[in-house]
Every structure is written in C-alpha cells, then in structure tokens.
2 protein chains.
Amino acid sequence: MLQDMPTLTDVAKLAGVSEITVSRVVRNKGPIADATRTRVLSAIEKLGYVPNRAAGSLASSGSQLMGVLLPSLSNIVFPEVLRGIHSALASTGYQPLIGVTDYDLKTEQGIVSSLLAWQPAAIIMTGFDHTDATRRMLANSRVRVAELMDIDADPIDIAVGLSHRRAGFDAGRHLISRGYRRFGYVGHDWDADRRARLRYEGLCTALAEAGLTLEAEQRFAGPSSTIAGRDTLAAMMAKNPTIDVAVFSNDDMAVGGFFYCLTAGIAVKEKLALFGFNGLDIGQSLPMPLSTVRSNRFLIGKIAVEKLLESGERPTEKQIIDTGYEIVAGATA
Amino acid sequence: MLQDMPTLTDVAKLAGVSEITVSRVVRNKGPIADATRTRVLSAIEKLGYVPNRAAGSLASSGSQLMGVLLPSLSNIVFPEVLRGIHSALASTGYQPLIGVTDYDLKTEQGIVSSLLAWQPAAIIMTGFDHTDATRRMLANSRVRVAELMDIDADPIDIAVGLSHRRAGFDAGRHLISRGYRRFGYVGHDWDADRRARLRYEGLCTALAEAGLTLEAEQRFAGPSSTIAGRDTLAAMMAKNPTIDVAVFSNDDMAVGGFFYCLTAGIAVKEKLALFGFNGLDIGQSLPMPLSTVRSNRFLIGKIAVEKLLESGERPTEKQIIDTGYEIVAGATA
DNA sequence: GAGAAATATGTTAGCGCTGTCATAATGACT
DNA sequence: AGTCATTATGACAGCGCTAACATATTTCTC
C-alpha cells in the first residue's frame, strides 16, 4: 500500500554514502563515524524514511516479531499476560503478533502456521496441549517456544507459570486448617480450561489426605463468568444447603458466588465460606476481600519474553520457571 | 531463525511445475487446473512448506497485517475491542499486529512508525488525538486508518464508535426524568481518557439545560478501577452527604461505588442512586444490576475491520460510523 | 475448421534490505 | 618507515516471493 516511500537508496544518495552505511546507522550496528551518522540521520529525517521490515526480515531471515497465542481475550487473565509480554517487549523493538485460539487446538495449529510464516523470533503459547502437526511445525522451525501459565507437564522449550495442581492442593490444606470440613466445588467447563481441572484435582487430593471428600459439586457448562458463578452456586446450594465452604474454579465465579450470598442473605464466612483463584482486583475490592490464591499473570508474560530473548537458540536443557502463587487469606474464608 | 525451510522452489521442483504456479495455488489466485493444484498441494504437504510472508510482502508491497494501537490492556474495554477486531480478521488471513500506547501520544507515534514498517493493510487506532508527526506519517503512507471509540471529531479516514458527549447528555436527561436533582460526579484521570471527559461535558450540558448543576465532584488522579471508585465515592460522600445520585466515569468506578454503599450501609437508589458507563458484565451481575449506558465494544472492533477491508484505498469521503449506545435502566438509579 | 475467447502455465525482473568479504584510512608500536 | 591492529566504508550477491507480461492449450462460435 505504501507508495513512493523513500528507501535506503534514497537516503544513501542524499547523505552521500552507500546503502549499507545507512543500514548500519539505522540498526546501530557496526562502527560508524559520528560525522557520517549525523549526516545520515538528518537525511532520514528530511525524507521521512521508514525502514521496510519485510525487506529486512527477508534479507536477514529473522524478524523483530514475537508470535503470541492466547486462548481467549474474554477472560481478563490473558490480557494481563499480554500486558506483561508487551511491557518486556516495549524496550526491545520487538512487536507482538497475536492470535486467539478460542481454546481450540486446530485453530491454534492454523495460527501457528501463519505466525511461523513471519519468521518470528519466538512464539509464546498457552498450555501444553497441541496437535501433532503443531508440534512438528514448531520442531522444524526451530524457533524458541514458551508455554505459559502451567508447569505441570513437560515443555517443548521453556515453561513459565505455576503448578495449578499444587495451588489447588495448598488451597485445600489452607481451608482444612481453618476448620472447614463440608466442601462444595463450583466450576465451569474444564474441557477447555485444563488448569481449572488441575486445581480441582489438587483440591481433591488435599481433601482425601485429610479423610474428606467433596460433598457437593456443580459445574457450569460454559466459560467462567460472574453470572455463571452466581447461578451455579445458587444451583448447588439448592441441592446441598449444608456445605460450609464453596471453592470456585476462579475469582470471576467466586465474585458471582459472593453476589448470590448477598442476594440470598447468606452470611459469608459464618454460614458459607467462599474461595476463589487468581487474585483479581475485583475480588479484592469486594466489601469483604475474597479469599483466593494470587497468581502473577503480568509476571508470567514478562519473564517469558525475557527468557526467550536471552538466546536465539533453544538451549539443550528445557527450562521450567515457577512464578509461584500466594494464598490470600481475605475475609470470605 | 528458520533453517533449511523448504521454499517455493523446492515445492515447484517436487511438483514439477514453475514457482509461480505454486505461488498461485498457495494464494488461491489465478486459474489452476485441478490436477495441478492437487499435485502442488501434496508437494506442499510432503515438504511441510510454510510460505515466507516477509518475501511475499516485499514482492507485493503490502502485507496481510493489520496494525492495532490500543491505549491500554488494563481496562477491559480494549481487549473487548480487540476481540471484535480479531473476530472479523479471523476468516480473512490477516493477522493483528498490536501496540499499546499507554495513553501517550509520543509512544503512539513510535508505534505507528514501527507498524508502518510492516506495510500493514490498515491501522486501527483509538481516539482522535495524535501528534503532528503521527498524522504526517499516516498521510504519507496512504494506509487506511480507523479511529475507534469516539465519533465526536473529524477522522483521518474512518471513525467507528459512539458520541460520548451525547451519551453523557442522554444519561443526564434520563436521570433528571427519573427525578434526581442533586448530582455528584465520581471520575478518574481524564487527561488520558478524553472520552470520559466528553461524557462529563454532556452530562453537565443536560444539567444546565434543566437549570441544575453538579453539587459535588471528585476525581481520582489515576486510571479507573473498582477500588478507585469505592474510595473516591467515599471521599465525595464525606464532603457532600446530601447528593442523591452519583454519576461515575465508568462501570468499574460505579461497581466500586456500589461496594462502598454496601460497606457503609447506604441504601442504593433509595438514598443514593448510582450510574455508570459501558454496560460491563460485572455491573449487570451485581445483586442490583447497575444502571448504565451500554456501548458495544466488540461491534466497534468488528465493524472497523469490515469497513477497512472493503477497499484498500481511502475513499474520498471520510466515513463516520455510529455504533450507538443504550441506556440500561438497571436497579441502581 | 479459422478465429476469438477463455483457461492454464511459464519467464523475467525486481521488491528493499543485509551478510559477507574486501578495501581504505587511521593510529600504535616497533 | 614498516608491521599490525583498529576503525570506517563500500561492492555485490541474494533472501523468497510476486507483478507483469508472455506463451501455450483448450473450448467455444458461427
């Protein structure tokens, strides 16, 4: 679409130097005399020259692009990861090229293929589930790959996140130590969200070790949301009014649960304790701060980028970076 | 970073055709005999060929990229716009290349420059405020430009959004018609968020026309958030306990205000009415659905892409697309 | 069955940049 | 003055693809 845009050649002519010299000035690479640099820079300024990255990529077989695959933009946690990615990228000249998979592995495969077409410096994905074709493409391309959020499996290259299984387990231990015994679980569709399921499994393990078991369990057949949390807790309480703590698949669901209690006149914590996951702002701004597990999504994105940029080659050793989590006592459990 | 990746030439050799024929198959362009197509396709499959977009861009001077500039990822409305953009892009083969400006015009300028370097098919930005240099780059490049969210000014090419001034005005009329007279305004930093200011101005106009005026006004000196809304309403009520309706700069702030009322034991609507802006899910899942104005962010992103893709050239007539808004009566005002 | 029209394929010449290797100019140290 | 490094610049080829223009080949038309 660009038209008559000035090229390196134009700048070189105006500055009275060769093209490669201009290229060196632009990329800050190789030795350049101060006088020459100044001359070139002013020529660039005069012409309004903007380098053509496509040409650059082609010539150097490698782009200043980083592919980012997110499962969804509806769930606030992924924009937060993206924010971390962007913040680490900001100072580097790299640009994120994003794709959204909608939790679908075939879609992911298609997007990986189109991202690879840009010869990105690295690709950031979510989770460990990929099609064989995706794995093959990634292997052939040799680009660096980070798999985010989760560390409960074997990564392709590096993994950055936290153990959701352990987080679920610790949440269970925490609640047991606080005296809760009659557990209910309020979840959402976990075919897509493998991590919610891992937390659930961790929770069940903790309960089993204490000789307990989930007394009630209700899962909403769709993505998590405040409304789903509200309605799903309502459904569970209708069937099992005797539980003393509801563990939610995440904070969105838990905030909905809190609203349900408000409406139904159930005393939160005294009558029914609520526990979430993520540590979202909204949960902490409730009249009673939500008891939850705080994960650091921003940090996950940021660290992933930093690690990926450390080296262009995949290291021989796969790397797993645990960004940890923190039990937030809150006031609801 | 890619290495020994097969090229068009390899595919062409294996399929026993010329390069251009492979190129045509890949791009689905020009007439190709079915037999040839099949042969080429299976060669592509066999080699695991992935086209190099940088080369394609360079040769055709135009990429399958769409530049997207967002002011922030922290405010949920922008990921929603991005979702709309992505949804419209999904079927087209275009990929969004994103940049985040942090509401800073100089940052925006830098990002526009790096996006332009990829020769994107179009650029999507937010708002009408840009530096002169940004405008110049955009003008020189001749790429299509959409300015989103707002339609209260003159666009570069097309604008998609709603009149925030009118929305503020209508919200004011609505509240006045419901009998509210003692207005308070709870806002956030609007140097960055020009649209919040426009709504505020619209509100003031409505009040003035009715012979009314804001009795109280409190602005938080930072970005909007639930916590800011809670604390800022608290501050306002401490100074002006007599107002009967609080208009918030957006739903995040208003939800915080609701939480404040809960904590302080203020009867929402009877004693103090609350009114937001955006129509976020969280507001509608409150025990009392929030009274607000619903804008359609997803639609804004989607329509912008559709309009931009209609033609590669800027039309002679600037276009303004009003995606409208809707007063949501709710239960808090 | 000659010519027009449509369909299918190929040839050539770059797109704008950077890697590689060469060359020139300067200083540093014998 | 001569060797060696160091710094500064340039020539040239080519990255992988596609636009533009041929050139076959087939199908239709009267």
Side-chain angles (χ1 to χ4, degrees), chain A residues 1-40 43-44 47-65 93 114 116-119 121 141 312, chain B residues 1-40 43-44 47-65 93 114 116-119 121 141 312:
Chain A
M1 294 309 125
L2 307 197
Q3 193 176 316
D4 325 321
M5 290 295 276
T7 70
L8 261 196
T9 317
D10 299 320
V11 177
K13 270 187 200 134
L14 182 59
V17 297
S18 71
E19 305 182 17
I20 190 70
T21 302
V22 178
S23 173
R24 284 183 183 125
V25 170
V26 170
R27 289 179 298 154
N28 244 316
K29 202 178 175 187
I32 295 286
D34 280 345
T36 312
R37 164 173 286 114
T38 313
R39 206 142 33 90
V40 170
I44 287 175
L47 294 175
Y49 168 71
V50 175
N52 181 330
R53 299 271 198 165
S57 286
L58 182 58
S60 65
S61 55
S63 74
Q64 297 272 81
L65 251 25
S114 24
L116 246 22
W118 288 106
Q119 313 204 170
S141 74
Chain B
M1 295 309 124
L2 307 196
Q3 193 177 315
D4 324 321
M5 290 295 275
T7 71
L8 260 197
T9 316
D10 300 319
V11 177
K13 270 188 199 134
L14 182 60
V17 296
S18 72
E19 304 181 20
I20 190 71
T21 302
V22 178
S23 172
R24 283 183 183 125
V25 171
V26 169
R27 288 178 299 152
N28 244 315
K29 204 178 177 188
I32 295 287
D34 281 346
T36 313
R37 165 172 285 113
T38 314
R39 206 141 35 88
V40 169
I44 287 176
L47 295 175
Y49 168 71
V50 175
N52 180 330
R53 300 271 199 165
S57 285
L58 181 57
S60 66
S61 54
S63 74
Q64 297 271 83
L65 251 26
S114 25
L116 246 21
W118 289 106
Q119 313 204 171
S141 74

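No hydrogens, no waters, no symmetry mates; every other heavy atom, side chains included, goes into these values. Convention: sequence-line order gives letters A, B, ...; per-chain numbering from 1.
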Integer-rounded Å distance: C:dC15 P and B:Gln119 CD
13 Å

B:Ile32 and B:Thr36 have their tightest heavy-atom pair at CG2-CB, 4.1 Å

Which atom pair, heavy atoms only, marks the closest approach of B:Ser63 to B:Ser57?
CB-OG, 3.2 Å

Just by modelled atom types, is the B:Glu19 backbone N or O under 3.5 Å from a matching donor or acceptor in the B:Ser23 side chain?
no

Choose from D:dT7, C:dT9, C:dG10 the nucleotide whose nearest atom is closest to any side-chain atom of A:Pro31.
D:dT7

Between C1' on D:dG16 and CG on B:Leu47, what's the gap in Å once rounded to a whole number?
15 Å

Distance-minimising heavy-atom pair for B:Thr7 and B:Tyr49
C-CE1, 3.6 Å

Check DNA chain C against residues 20-28 of chain B and give the residues with a non-hydrogen atom under 4.0 Å, in numerical order.
B:Ile20, B:Thr21, B:Arg24

B:Lys29 side chain near D:dT18 phosphate (N/O to OP1/OP2, under 4.0 Å)
no

Could you tell me whether the side chain of A:Arg53 and the main chain of B:Trp118 form a donor-acceptor pair under 3.5 Å?
no

Grab the CD-C1' distance between B:Gln64 and D:dG16 for me, whole Å please.
16 Å

For B:Leu58 and for B:Gly30, find the nucleotide of DNA chain C with the closest heavy atom, then tell me which residue's nucleotide is more 5'.
B:Gly30

Using atom CZ of A:Arg53 as one end and atom P of C:dC17 as the other, report the distance to the nearest whole Å.
12 Å

Check the distance between D:dC12's C1' and A:Leu8's CG and give it to me in whole angstrom.
15 Å

In terms of side-chain heavy atoms of B:Tyr49, which of D:dC17, C:dT11, D:dT9 is nearest?
D:dC17

Given D:dT9, C:dC17, C:dT9, identify the nucleotide with an atom nearest to the side chain of B:Ile32.
C:dT9

Check the distance between D:dT18's P and B:Asn52's CG and give it to me in whole angstrom.
9 Å

To the nearest Å, give me how far apart CG (B:Asp34) and P (C:dT7) are.
13 Å

Side chain of A:Glu19 - closest among C:dT9, C:dT18, D:dG16:
C:dT18

Can you find a side chain N or O atom of A:Ser57 that sits less than 4.0 Å from OP1 or OP2 on D:dC15?
no

A:Ser18 vs D:dG10: side-chain N/O to OP1/OP2 distance below 4.0 Å:
yes

Considering non-hydrogen atoms only, spot the tightest contact between A:Val40 and A:Val11 and give its length.
O-CG1, 4.2 Å

Under 4.0 Å between a side-chain N/O of B:Thr36 and OP1 or OP2 of C:dA8, yes or no?
no

So which heavy atom on A:Leu58 is nearest to which on B:Ala55, and how close?
CD1-CB, 3.6 Å

